[in-house]
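Heavy-atom basis, side chains included; hydrogens, waters and symmetry copies ignored.
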Amino acid sequence: MAGSEAHYTLPLPVFDKPVKLLIVVAPYYRDIADNLVAGARAVAARAGAAADLVEVPGALEIAPAIGMAFRMADYDGFVALGCVIRGETTHYDTVCNDSSRGLTLLGLNGACIGNGILTVENRDQAVVRAEPAGQDKGGGAAAAALHLVALSRKWARQTKGIGFKPAGEEFRIASAAGGTERP
């Protein structure tokens, strides 16, 4: 059973500059959402990060809200929180797949996102996963966002050449005859 397995959790990153997170939550199941937010806020506070909160109607609106904030606001990372419980129709599959896909696409475009949208079979599973003293998936999503912020900051300091001569280095061009010459 997955609940009895031990999982390794990375220690929270340490930051030399303040981190600002945006928590975007769909409070469709208010009690579950509140627990997810509590967990995310606690982890953000432990890492010294500030966290703002916005609510959206449902899980499908989380990625568009994060996308707008990524383009138009000043946040280092984002925490996506919500809960989708399987019902009697295929709507569950659409919401799970499309909300995840939207977040993944934003992440591939550089947004530092922790995905804490629960996708569960029943309410009991959601309650266990959302509980800050339990599985704390909200806290885990905040930690994921913070780890991505740390990577983003680390790699932002590095530069790759894009066809320009690096400063202070000798540079030679291979000629058509196979020799080298100075530019």
Inset, instruction - Please name all residues satisfying side-chain hydrogen bond (donor to acceptor under 3.5 Å, both in side chains) with D98, sequence neighbours left out, ordered by chain then number. - result: R101

When you group the ILVMFWY residues by side-chain heavy-atom contacts below 4.5 Å and let the links chain together, are [Y] and [X] in the same group?
X	Y	answer
Y29	I117	no
V120	V95	no
V149	L12	yes

Atom pair [atom1] ([X]) and [atom2] ([Y]), whose distance is rounded to the nearest 0.5 Å:
X	Y	atom1	atom2	value
Y92	E121	OH	CD	5.0 Å
L106	F70	CG	CZ	7.5 Å
L22	D74	CG	CG	11.5 Å

Please name the pair of heavy atoms, one in [X] and one in [Y], separated by the smallest distance, quoted to 0.1 Å.
X	Y	result
A65	V24	CB-CG1, 4.0 Å
A145	L21	CB-CD2, 4.3 Å
L118	A126	CD1-O, 3.7 Å
F15	L146	CZ-O, 3.4 Å

Legend entry - All pairs passing salt bridge (Lys or Arg N to Asp or Glu O under 4.0 Å) where residues 123-144 contributes a residue, at least two apart: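 Every salt bridge (Lys or Arg N to Asp or Glu O under 4.0 Å) pair that includes a residue of residues 123-144, provided the two are not neighbours, is D31-R123.
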
Legend entry - Partner set under salt bridge (charged side-chain N to carboxylate O under 4.0 Å, His left out) for E88, not counting sequence neighbours: none

Inset, instruction - Check salt bridge (charged side-chain N to carboxylate O under 4.0 Å, His left out) between E61 and all other residues, then give those that pass, not counting sequence neighbours. - result: none

Inset, instruction - Check the pair L53 / V25 against side chain to side chain contact (heavy atoms under 4.5 Å, CB included), numbers first and verdict last. - result: CA-CA 8 Å; L53 176 73; V25 62; 3.6 Å; yes

Which donor-acceptor pairs under 3.5 Å do the side chains of residues 75-84 make with protein atoms, sequence neighbours left out?
{"from": "Y75", "atom 1": "OH", "to": "D52", "atom 2": "OD2", "distance (Å)": "2.7"}
{"from": "D76", "atom 1": "OD1", "to": "R153", "atom 2": "NH2", "distance (Å)": "3.4"}
{"from": "D76", "atom 1": "OD2", "to": "K20", "atom 2": "N", "distance (Å)": "2.7"}
{"from": "D76", "atom 1": "OD2", "to": "R153", "atom 2": "NH2", "distance (Å)": "3.3"}

Which side-chain N or O atoms in residues 32-51 pair as donor and acceptor under 3.5 Å with protein atoms at least two apart or in another chain?
{"from": "R41", "atom 1": "NH1", "to": "A51", "atom 2": "O", "distance (Å)": "3.2"}

Partner set under side chain to side chain contact (heavy atoms under 4.5 Å, CB included) for [X], not counting sequence neighbours:
X	answer
L10	Y8, H147
L148	C112, L151
V128	Q135

Inset, instruction - Evaluate the side-chain proximity of I23 to V54: yes if any heavy-atom separation is below 4.5 Å, no if none is. - result: no

Inset, instruction - Output every pair passing side chain to side chain donor-acceptor pair (under 3.5 Å) with a member in residues 108-120, not counting sequence neighbours, ordered by first then second residue. - result: none

Inset, instruction - List, by chain and then residue number, the residues other than M68 in its hydrophobic cluster (Ile/Leu/Val/Met/Phe/Trp/Tyr, side-chain heavy atoms under 4.5 Å); write none if there are no others. - result: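 M68 shares its hydrophobic cluster with M72.
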
Inset, instruction - Without swapping roles, check the side chain of S99 against the backbone of C96 for a donor-acceptor pair under 3.5 Å. - result: yes

